[in-house]
Amino acid sequence: MKDDLLNHFNIQGFQENLIAWYQANKRNLPWRENQDPYRVWVSEIMLQQTKVDTVIPYFQRFMEKFPDVYRLASADEQDVLKAWEGLGYYSRARNLQSAVREVVSEYDGKIPDNKEALGKLKGIGPYTKGAILSIAFQQPEPAVDGNVMRVLSRVLHITDNIAEAKVKKQFEPIVTKMISKEDPSSFNQGLMELGAMVCTPKSPLCLFCPVQEYCRAFLKGDQENLPIKSKAKKPKKVAYIALLLKQGKEKIIIEKRKEQGLLANLWQFPMIPSKGKTVHEAEEWFEAKYGWAIQIGKHAGKLKHVFTHLIWELEIYEADVLYAPKKSKLKSVNIHELSQYPFPVSHQKMMKYLH
DNA sequence: AAGCCGGGGCG
DNA sequence: CGCCCAGGCTT
């Protein structure tokens with residue numbers, strides 16, 4: 001990336017227009033009620049990879065349940081995951097709680113206001129660190145997210161591939177040069193708000209843009225072609241038989257997922273990798289793995305669930321328990337108790353096939 | 001540097 | 001339905 005990008009750029013004019021526009025047009029969002037570092041932190045973690053409209057109700061409920069670092073630190077992880085249920089990227093919730101516990105034990109419950117300590121906390125990377133420092137503590141630190149990269153690649157006509165780590169990194173010194181020292185919070189939030197409301201990925205509303213006069217892409221009519229970004233590769237398909245496994249009339253069998261990896265520590269209905277398996281072989285696989293004898297019955301439906309790098313193709317079957325061992329990693333619960341456990345969305349959809 | 005982590009919205 | 005969005009951690 002060229003290092004003279006800002007040589008003939010009117011930084012002060014850009015700052016003034018951006019901040020004035022932000023002050024006049026910012027949305028009233030729950031995490032903007034005050035600058036409480038804890039609220040800023042929680043909101044920024046939730047907002048990673050997640051749209052504002054999706055986050056709002058989760059944020060409200062989360063703040064009622066866990067209003068401060070002490071309440072979150074002392075909570076049961078399953079309750080935290082339950083509050084995160086449906087939001088996705090569940091490691092965010094587990095890392096947040098782990099980091100909050102560190103704040104309580106190492107920093108007397110005070111969220112650090114310096115980048116060294118803040119950046120070491122679990123789940124706080126370069127973006128979140130900058131967002132907390134600028135929004136909660138008014139420090140002139142860059143907070144480069146996808147919105148900021150899109151806005152700046154247009155304004156400065158940057159044509160490097162923003163999917164590359166080294167290109168992402170180069171936005172930080174640029175923002176450091178551009179950021180308002182008087183109001184870094186409004187500057188960073190203004191960039192992100194502009195990216196969300198005006199400088200959108202498709203059909204940006206350049207006619208309403210407060211920094212149109214500073215935008216090199218607009219000058220060239222090139223805004224629709226920026227940023228340059230290579231595409232992710234296609235996710236792999238994985239087929240499963242997913243079981244609505246009943247034990248008597250009232251009980252249903254669920255299991256807790258592993259501590260690591262996909263959907264860690266969430267609950268699910270038992271799943272059998274089904275590639276090339278007959279239903280009978282699936283029953284045998286299940287008995288070999290869990291020690292439970294089961295009989296797979298009626299095919300109840302199918303679900304497709306798309307993750308970033310994976311597609312689950314679930315064939316849903318009803319099944320009955322023929323024999324259950326005394327001790328097992330499977331759990332038998334009353335159907336009415338299912339709502340107490342955190343389930344991924346794919347398995348929440350499976351519940352519709354229960355009767 | 002590349003792969004792993006969810007879920008929702010849009011056309 | 002396919003396509004787009006996108007921080008942080010792990011390998």
Side-chain angles (χ1 to χ4, degrees), chain A residues 40-58 81 83-99 115 118-132 141-153 160-172 175 188 191-192 195-197 199-204 224-238 257-268 302-314 342-349:
Chain A
V40 173
W41 182 6
V42 172
S43 69
E44 289 300 339
I45 298 296
M46 286 188 171
L47 286 164
Q48 290 169 7
Q49 275 76 22
T50 314
K51 295 235 181 324
V52 163
D53 290 340
T54 305
V55 166
I56 290 172
Y58 282 91
L81 286 175
W84 212 270
E85 184 185 52
L87 206 48
Y89 285 111
Y90 299 93
S91 67
R92 292 183 296 172
R94 306 199 305 134
N95 288 341
L96 174 61
Q97 190 186 28
S98 161
K115 48 186 166 185
L118 205 51
K120 282 184 193 147
L121 295 172
K122 260 222 173 65
I124 298 188
Y127 163 74
T128 308
K129 178 177 62 180
I132 294 172
E141 294 293 328
V144 177
D145 71 350
N147 286 311
V148 172
M149 285 193 286
R150 183 172 59 256
V151 170
L152 292 185
S153 64
D160 303 89
N161 178 7
I162 65 164
E164 292 176 21
K166 68 174 193 325
V167 173
K168 290 182 187 175
K169 262 304 180 202
Q170 294 180 61
F171 281 89
E172 289 174 8
V175 173
N188 277 347
L191 276 183
M192 294 188 265
M197 306 301 291
C199 196
T200 46
K202 288 179 185 165
S203 311
E224 299 267 12
N225 303 320
L226 292 171
I228 307 287
K229 192 177 163 192
S230 56
K231 301 196 192 313
K233 54 174 213 171
K234 284 191 175 170
K236 285 196 198 81
K237 291 178 181 172
V238 193
R257 292 181 60 85
K258 291 189 299 217
E259 287 183 22
Q260 301 267 327
L262 183 66
L263 303 167
N265 283 359
L266 271 72
W267 291 77
Q268 67 178 18
K302 58 168 66 182
L303 274 176
K304 190 168 101 163
H305 196 82
V306 180
F307 301 95
T308 308
H309 295 89
L310 210 59
I311 299 177
W312 277 359
E313 295 179 323
L314 307 184
F343 280 83
V345 165
S346 52
H347 282 241
Q348 290 176 41
K349 288 177 182 163

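Letters A, B, ... mirror the listed sequences (proteins, then strands); counts begin at 1. These numbers come from the heavy atoms of this one structure, side chains and all, not from hydrogens, waters or symmetry mates.
When the side chain to side chain contact (heavy atoms under 4.5 Å, CB included) test is applied to A:K51, the partners found at least two apart in sequence or on another chain are A:T54. Residues satisfying the salt bridge (Lys or Arg N to Asp or Glu O under 4.0 Å) test with A:E164, not counting sequence neighbours, are A:K166. Remark: A:T50 engages A:R92 in a side-chain hydrogen bond (donor to acceptor under 3.5 Å, both in side chains) (not counting sequence neighbours). With sequence neighbours excluded, no residue forms a ring-ring contact (aromatic ring centres under 6.0 Å, His included) with A:F171. In this structure A:K237 satisfies the salt bridge (Lys or Arg N to Asp or Glu O under 4.0 Å) test with no other residue, sequence neighbours excluded. Every residue was checked against the salt bridge (Lys or Arg N to Asp or Glu O under 4.0 Å) condition with A:K349, not counting sequence neighbours, and none meets it. For A:D160, the side chain to side chain contact (heavy atoms under 4.5 Å, CB included) test picks out A:M1, A:I158, A:V167, with sequence neighbours left out. Remark: A:K258 engages no residue in a salt bridge (Lys or Arg N to Asp or Glu O under 4.0 Å) (not counting sequence neighbours).
Nucleotides B:dG6 and C:dG2 have their P atoms positioned 22 Å apart, rounded to a whole Å. Only the C1' atoms considered, C:dG7 is 23 Å distant from B:dC10, to the nearest whole Å. A distance of about 24 Å separates the P atoms of C:dC9 and B:dG8, rounded to the whole Å. Taking atom C1' on both C:dC5 and B:dC5, the two are 15 Å apart, rounded to the nearest angstrom.
With rounding to the nearest 0.5 angstrom, the CD atom of A:Q97 is 10.0 Å from the CZ atom of A:R94.
Near DNA chain B, meaning a heavy atom under 4.0 Å away, there are no residues from residues 120-127 of chain A.
Using a 4.0 Å heavy-atom criterion, one finds that A:R150 contacts the sugar-phosphate atoms exclusively.
Aromatic ring orientation, A:H305 versus A:W312: tilted (interplanar angle from 30° to 60°).
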Starting at the 5' end of nucleotides 3-11 of chain B, put B wherever the base has a protein heavy atom under 4.0 Å, S where only the sugar-phosphate does, and a dash everywhere else.
-> -BBBB----

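Once you apply a 4.0 Å limit to the heavy atoms of chain A, the touched nucleotides of DNA chain C run 5' to 3' over C:dG2 to C:dC9.
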For residues 41-49 of chain A, dump all side-chain donor-acceptor pairs below 3.5 Å to protein atoms at least two apart in sequence or in another chain.
unit_1 : atom_1 : unit_2 : atom_2 : d
A:S43  : OG     : A:R39  : O      : 3.2
A:S43  : OG     : A:V40  : O      : 2.8
A:E44  : OE1    : A:Y127 : OH     : 2.5
A:Q48  : NE2    : A:T128 : OG1    : 2.8

